[in-house]
Asker: 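Here you go, one structure.
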There are 2 protein chains.
Amino acid sequence: MSLESVPPKYAQLVHALQRRIESGDYPPGSLLPSENQLIQEFGVSRPTVVAALRVLREQGWIESQQGKGRFVRGRPARSTDRPRPGQAYLTAPESDTPGELLEVGVLAAPNRVATLLGLEAKSKAFLRRRLIARDGEPAEIVSLWLPLEVTEGTDLTTAMPLDEGIREHLQTRKGVRFDHVAEQITARMPTTQEGRQLGMPRNTPLLAVYGTVKDASGRALVAVEVLMPADRHELEDAYPIG
Amino acid sequence: MSLESVPPKYAQLVHALQRRIESGDYPPGSLLPSENQLIQEFGVSRPTVVAALRVLREQGWIESQQGKGRFVRGRPARSTDRPRPGQAYLTAPESDTPGELLEVGVLAAPNRVATLLGLEAKSKAFLRRRLIARDGEPAEIVSLWLPLEVTEGTDLTTAMPLDEGIREHLQTRKGVRFDHVAEQITARMPTTQEGRQLGMPRNTPLLAVYGTVKDASGRALVAVEVLMPADRHELEDAYPIG
DNA sequence: CTTAGGTACTTGACCTATCAAGTGGGCTCT
DNA sequence: AGAGCCCACTTGATAGGTCAAGTACCTAAG
């Protein structure tokens, strides 16, 4: 059986037009061929052409003006799919990233984490902390904090690297579903232990990213803390302006 | 003449369904009425229903599964319109935010700024630096760096507060259009001068946000540097998870 | 020469269809 | 009773249209 699924026509058209824009064939500011011209050239119907152009507009490649036509803007500044810090640690198996398991166990959550998880101050929570290495050097300390009732009946409490993502694990074992993440970014000086673990020079601050994963009802499921030496790592982003 | 333009049907449908989700009429996790049911209830055609549901899916209100139906996720966690740090200083007039003009003039751009603006190291650029106060206390140092060729023929070089946004000013005077912003976030220790201006306690790092405004062709127009004491200010964000 | 109107072309918003693909329940046959 | 098949219902993709609204250009009337 040949099950080579071909992408839908409108997606093919999106791809073709993106290539023409990137190659400079359709330079920024120029007028895109009209709907009728695209219908003729690609041999598809108008709804298909319109669907492709809608995708391109929503992704920021082009903008349209009724009565005039559609204008090329150029490759959008990473409109979508930006890698959020910490997000990888929620979905990817631990075995995917080289690193060392620093701490696994139940202990009193710091104030900030307790607040993020909606727990009372000084309540106990489950911690899973890893030192991530990049290019053979320690790069980040990633801490996952989970309320005790979330970890019940899971394998997260083992001191072994998980070969399944946290997200998948919790979904299958507990039936909880990740819905959105609330993110906070701040900076502080490292503790002496953190400075040693990350091999940081003196007087260098830490960039700290806190992500709280919640389900659709707003209940906090996991808090992720990512600590990065600010002299080596930066957070990057880009977004279009209205 | 009654020229009260009514919103298109699909937009009305989007609004109606959003209200039902927010009111709890369609609780999260529940199954939305099928396309055919919505066609009957609202008396519209299938493409109209599908268009509305596509908008809702792209905004994160619902998710769809072929063969089963569409499931309610709930109001998306500020999928759009999050206030970006530094963005306000590009559009709002300076007179809108209380603050003190620290520096205005042409001087050698720091390495980082020169790189962001695409200038050679140690080139001169125009600087406009302000100390922003919030609740009567110094809160942020905002620096706008502009290449000299961008400031030519503008009023930006005056030492007076501008009663027009930078963006509007550049658009009308120079015809340049802001297209997108590239953002970098890092942290560092304040200089003694910065620490004094911001009234920072000892051993507290600065959270630094660098935004580079570019036009559609990728030419850098403005670089914004926002310096915040990390003990008082944090960056917040939220995003849905696939 | 200037202006008003018409016309052609564009995108936006709909409509009625058809086929494909995925899901789940019920029916039938063993 | 159990296994397997079929059918109904769902969303996804695509085709063929119509009408409205906005823009640009040309032309004819003043």
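Here the structure is a predicted model, which is why all the values come from computation and not from measurement. Protein chains get the first letters and strands the later ones, always in sequence-line order, with residue 1 at the start of each.
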Asker: Is there a side-chain polar atom (N or O) of A:Arg70 under 4.0 Å from OP1 or OP2 of C:dT11?
Answerer: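 The answer is yes; a side-chain N or O of A:Arg70 sits under 4.0 Å from OP1 or OP2.
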Asker: Determine whether B:Ile62 and B:Phe71 make a side-chain contact, defined as any pair of heavy atoms from C-beta on separated by less than 4.5 Å.
Answerer: no
Asker: Check this one for me: any side-chain N or O of B:Lys68 less than 4.0 Å away from OP1 or OP2 of C:dG24?
Answerer: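 Affirmative; the distance criterion is met.
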Asker: Rounding to a whole Å, what distance do you find between A:Gln40:CD and C:dT10:P?
Answerer: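 About 11 Å, once rounded to whole Å.
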Asker: Look at the side-chain N and O atoms of B:Ser64 and state whether any lies under 4.0 Å from the OP1 or OP2 oxygen of D:dT11.
Answerer: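 It does not, given that no N or O in the side chain of B:Ser64 lies less than 4.0 Å from OP1 or OP2 of D:dT11.
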Asker: Calculate the interatomic distance between A:Leu31 atom CG and C:dC9 atom C1'; express it in whole Å.
Answerer: 11 Å
Asker: Taking CG from B:Leu38 and P from D:dC9, how many angstroms apart are they, rounded to a whole number?
Answerer: 16 Å
Asker: Check whether A:Glu183 reaches the backbone of A:Val209 with its side chain - one donor and one acceptor, N or O, closer than 3.5 Å.
Answerer: no
Asker: Taking atom C1' of D:dT23 as reference, at what distance in whole Å does atom CD of A:Glu35 sit?
Answerer: 15 Å
Asker: Atom CD of A:Glu63 and atom P of C:dG12: how far apart are they, to the nearest Å?
Answerer: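 Rounded to whole Å, this separation is 12 Å.
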Asker: Send over the distance from A:Gln66 CD to D:dA24 C1', rounded to a whole Å.
Answerer: 14 Å
Asker: Which nucleotide in the list C:dA21, D:dT10, D:dA20 gets nearest to the side chain of B:Asn36?
Answerer: D:dT10
Asker: Does atom CD of B:Glu149 have more than 12 heavy-atom neighbours, drawn from other residues, nucleotides or ligands, at distances under 6.0 Å?
Answerer: yes
Asker: Should B:Glu152 and B:Phe126 count as side-chain neighbours, where that means a heavy-atom distance under 4.5 Å?
Answerer: no
Asker: Check nucleotides 13-18 of chain C against the protein and report each pair of N or O atoms closer than 3.5 Å, with its distance, or say if there are none.
Answerer:
unit_1: C:dA13; atom_1: N6; unit_2: A:Arg46; atom_2: NH1; d: 3.0
unit_1: C:dC14; atom_1: OP1; unit_2: B:Lys9; atom_2: N; d: 3.2
unit_1: C:dC14; atom_1: OP2; unit_2: B:Lys9; atom_2: N; d: 2.8
unit_1: C:dC14; atom_1: OP2; unit_2: B:Tyr10; atom_2: N; d: 3.4
unit_1: C:dC15; atom_1: OP1; unit_2: B:Lys9; atom_2: NZ; d: 3.3
unit_1: C:dC15; atom_1: OP2; unit_2: B:Ser45; atom_2: N; d: 2.9
unit_1: C:dC15; atom_1: OP2; unit_2: B:Ser45; atom_2: OG; d: 2.4
unit_1: C:dC15; atom_1: OP2; unit_2: B:Thr48; atom_2: OG1; d: 2.3
unit_1: C:dC15; atom_1: O5'; unit_2: B:Ser45; atom_2: OG; d: 3.2

Asker: For A:Leu53 and C:dG12, what is the distance between atoms CG and C1' respectively, to the nearest whole Å?
Answerer: 12 Å
Asker: B:Glu22 side chain to B:Arg19 main-chain N or O, any donor-acceptor pair under 3.5 Å?
Answerer: no
Asker: Nearest whole angstrom, please: distance from the P of C:dT10 to the CD1 of A:Ile62.
Answerer: 15 Å
Asker: If I take atom OG1 from residue B:Thr115 and atom CZ from residue B:Arg112, how far apart are they, to the nearest 0.5 angstrom?
Answerer: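 Output value for this atom pair is 8.5 Å.
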Asker: Reckon A:Arg54 touches a base, only the sugar-phosphate, or nothing at all at heavy-atom distances under 4.0 Å?
Answerer: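 Contact class for A:Arg54: none.
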Asker: Side chains of A:Arg70 and A:Ser64: do they bring a donor and an acceptor to under 3.5 Å?
Answerer: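 No, no side-chain donor-acceptor pair sits under 3.5 Å.
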